[in-house]
Amino acid sequence: MLAPVRRLLDAIPFDHHFARHLPGEDGPPTLPRQVHGACWSAVPPTPVAAPRLLAWSDALAETLGLASPDHPERSAAIAALLAGNRLLPGMKPVAACYGGHQFGQWAGQLGDGRAIVLGDLAAADGQRWELQLKGAGLTPYSRRADGRAVLRSSLREFVCSEAMHHLGVPTTRALALVGTGETVVRDMFYDGRAEAEPGAIVTRVAPSFVRFGNFEIFAARGDRERLRLLADYVIAQHFPEIDGADPQRYAQWFATVAQRTAVLMAHWLRVGFVHGVMNTDNLSILGLTIDYGPFGWLDVFDPAFTPNTTDREGRYAWAEQPAVAQWNLLRLADALAPLVSDTESLAAGVEAFGEQFAGEWRRQSLAKLGLLPASGQGEEMLVAELLGTLTMTEVDTTRFFRALMEVDPTAPLPADGLPPALLGSFYAAERLPARFIARLREWLAAYAARLAADGVDAVTRKTRMAAANPWIIPRNYLLQEAIDAASAGDLAPLATLMAAIRDPYTEREEYARFTARRPDWARHAPGCSALSCSS
Ligand code: AMP
Ligand code: MG
């Protein structure tokens with residue numbers, strides 16, 4: 001079979017479907033203001049001083065049918081394009097208007113304050129993908145901020161978008177990371193010590209960047225007409241399975257959004273991802289992970305963990321995410337209420353989320369143990385009991401489940417203590433509390449009994465576990481190492497990290513060092529366990 005032709009990015013016919021089909025406005029592009037009656041505002045990216053391509057996702061380029069920028073001249077041309085210094089025919093740069101509930105409060109108009117969609121292109125399979133530059137300059141939605149992004153947050157978003165995709169988690173993608181050659185001033189700790197940092201732009205790619213908040217803004221303003229136009233557009237473009245003429249279509253669509261969000265939440269829990277800012281403006285209508293900011297990964301298993309330093313109460317902690325998603329769905333249901341004759345149908349969708357999440361989590365969490373939700377007897381207790389036990393000492397979440405895979409459940413437990421395979425997942429293996437050891441031993445016995453009762457053989461168990469428990473994730477400290485190196489001009493660690501995350505369920509010797517437990521220096525280091533929104 002012939003390899004499909006890879007096209008150069010600047011030879012691709014672009015469209016701007018969203019802007020062509022929905023009402024927008026062409027007011028002063030960079031004047032911060034309230035924008036009424038528009039889904040978008042036209043705004044060209046602000047050119048940057050010295051764009052330079054720092055990283056490129058070959059995996060996504062392949063999906064889009066794009067040729068890699070493999071020589072310096074091409075790389076420079078692409079950097080100019082993906083910095084917003086150059087536009088192509090067919091593109092129409094726009095920033096979207098949306099609102100949102102932030103930390104439980106209605107925040108009014110937010111909008112793309114630093115993200116600009118250039119347009120969309122078709123992949124070989126016909127799927128259309130929007131290209132969006134994050135950090136591309138001021139828009140009408142920038143409020144008092146600068147429209148820019150720093151290298152550290154952009155690198156994190158670039159790597160993690162692609163990592164999540166390879167982990168099998170629905171997500172927006174990232175095609176490129178471009179350095180701007182300009183600095184951006186940030187007060188990282190909100191303590192008045194602002195510093196100039198290198199600036200960067202991520203090219204984000206998704207079928208759509210529409211969030212719950214795009215609907216909320218029209219509902220809040222009583223703009224039923226725009227609300228309906230946007231809902232009909234999103235259904236027609238992105239939910240072809242829903243009949244656009246069915247009077248029940250809005251409720252059906254909402255139910256689908258709830259279902260996708262439920263699946264997403266189970267994935268986040270499964271891989272140990274904490275989004276960090278689950279405001280309604282950061283929830284995708286397509287059920288994708290979107291807006292990577294102060295996100296983090298569970299190193300030590302702690303259900304109450306959030307990396308976001310501005311979230312003191314832990315509203316968006318790891319274990320809270322499904323409940324927050326449901327609360328956000330309730331806000332979306334409120335926003336869509338003007339479109340339906342009976343709001344009961346929307347309430348049913350919110351209700352169903354609970355069951356859907358429970359079912360999906362049952363499936364995914366049991367897969368982590370190599371079990372199937374077949375008999376439904378006691379398996380969920382087994383998961384809950386294990387997670388409860390793991391909080392009793394410092395366990396590395398990712399390592400523990402891979403290590404458990406290596407424990408032979410049919411072998412007798414050691415006379416005292418734990419199976420040696422597990423020891424590498426503890427932060428202090430030599431000081432494990434006796435109560436913890438006893439409880440985990442009991443659990444292991446119950447687990448072995450369950451596997452035997454369900455007739456799960458060794459090979460099936462291992463295969464299931466290997467597909468549900470990642471071997472590599474872009475740990476917070478690995479991202480920080482890549483950031484530190486890139487800031488000093490060394491892009492090699494970033495490139496190696498990108499290669500390592502491409503096949504995260506397969507153990508490969510050359511990437512073993514990426515599976516190491518969080519080192520001591522990263523325990524409280526900024527960027528590793530604590531992050532702020534200011535990026
Ligand atoms: P976030 O919490 O990062 O999703 O951002 C919330 C809102 O603030 C969105 O409307 C963003 O576009 C806006 N925002 C965040 N950072 C900036 C920035 N540097 N310049 C302009 N707008 C920003
Ligand atoms: Mg956001």
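Just so you know, ligand 1 is whichever comes first in the structure, and atom 1 is the first atom listed for that ligand. What you see below is based on every heavy atom in this structure, not just the backbone, and it leaves out hydrogens, waters and symmetry mates.
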**OP:** Determine, step by step, whether Arg20 and Asp120 satisfy the salt bridge (charged side-chain N to carboxylate O under 4.0 Å, His left out) criterion, reporting the C-alpha distance in whole Å, the side-chain angles of both residues, the deciding distance to 0.1 Å, and the verdict.
**Re:** CA-CA 11 Å; Arg20 269 199 303 114; Asp120 56 83; over 6 Å; no
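Listed by number with element, the atoms of ligand 1 under 4.0 Å from a non-hydrogen atom of Arg186 are 19 (N). Near Asp146, meaning under 4.0 Å from one of its heavy atoms, ligand 1 places the atoms 18 (C), 19 (N), 20 (N). Listed by number with element, the atoms of ligand 1 under 4.0 Å from a non-hydrogen atom of Ala145 are 17 (C), 18 (C), 19 (N), 20 (N), 21 (C), 22 (N). Listed by number with element, the atoms of ligand 1 under 4.0 angstrom from any heavy atom of Asp291 are 4 (O). Against a heavy-atom cut-off of under 4.0 Å, Gly147 is close to the following atoms of ligand 1: 18 (C), 19 (N), 20 (N), 21 (C). Taking a cut-off of under 4.0 Å to the non-hydrogen atoms of Asn282, the atoms of ligand 1 that pass are 2 (O), 4 (O).
The aromatic rings of His21 and Tyr233 sit tilted relative to each other, their planes meeting at an angle between 30° and 60°.
Counting protein heavy atoms only, atom 21 (C) of ligand 1 is closest to Gly113 O, 3.1 Å. The closest protein non-hydrogen atom to atom 10 (O) of ligand 1 is Gly111 O, 2.6 Å.
The nearest non-hydrogen atom to atom 7 (C) of ligand 1, considering only Gln109, Lys134, Arg143, Arg114, comes from Arg143.
For atom 5 (O) of ligand 1, no protein heavy-atom neighbour is present inside the 4.0 Å cut-off.
Nearby protein atoms of type N, O or S around the Mg ion (ligand 2) amount to 2 (distance under 2.8 Å).
Ring-centre distance between Phe103 and Tyr316: below the 6.0 Å cut-off.
The shortest N or O to N or O distance between Asn279 and ligand 1 is not below 3.5 Å.
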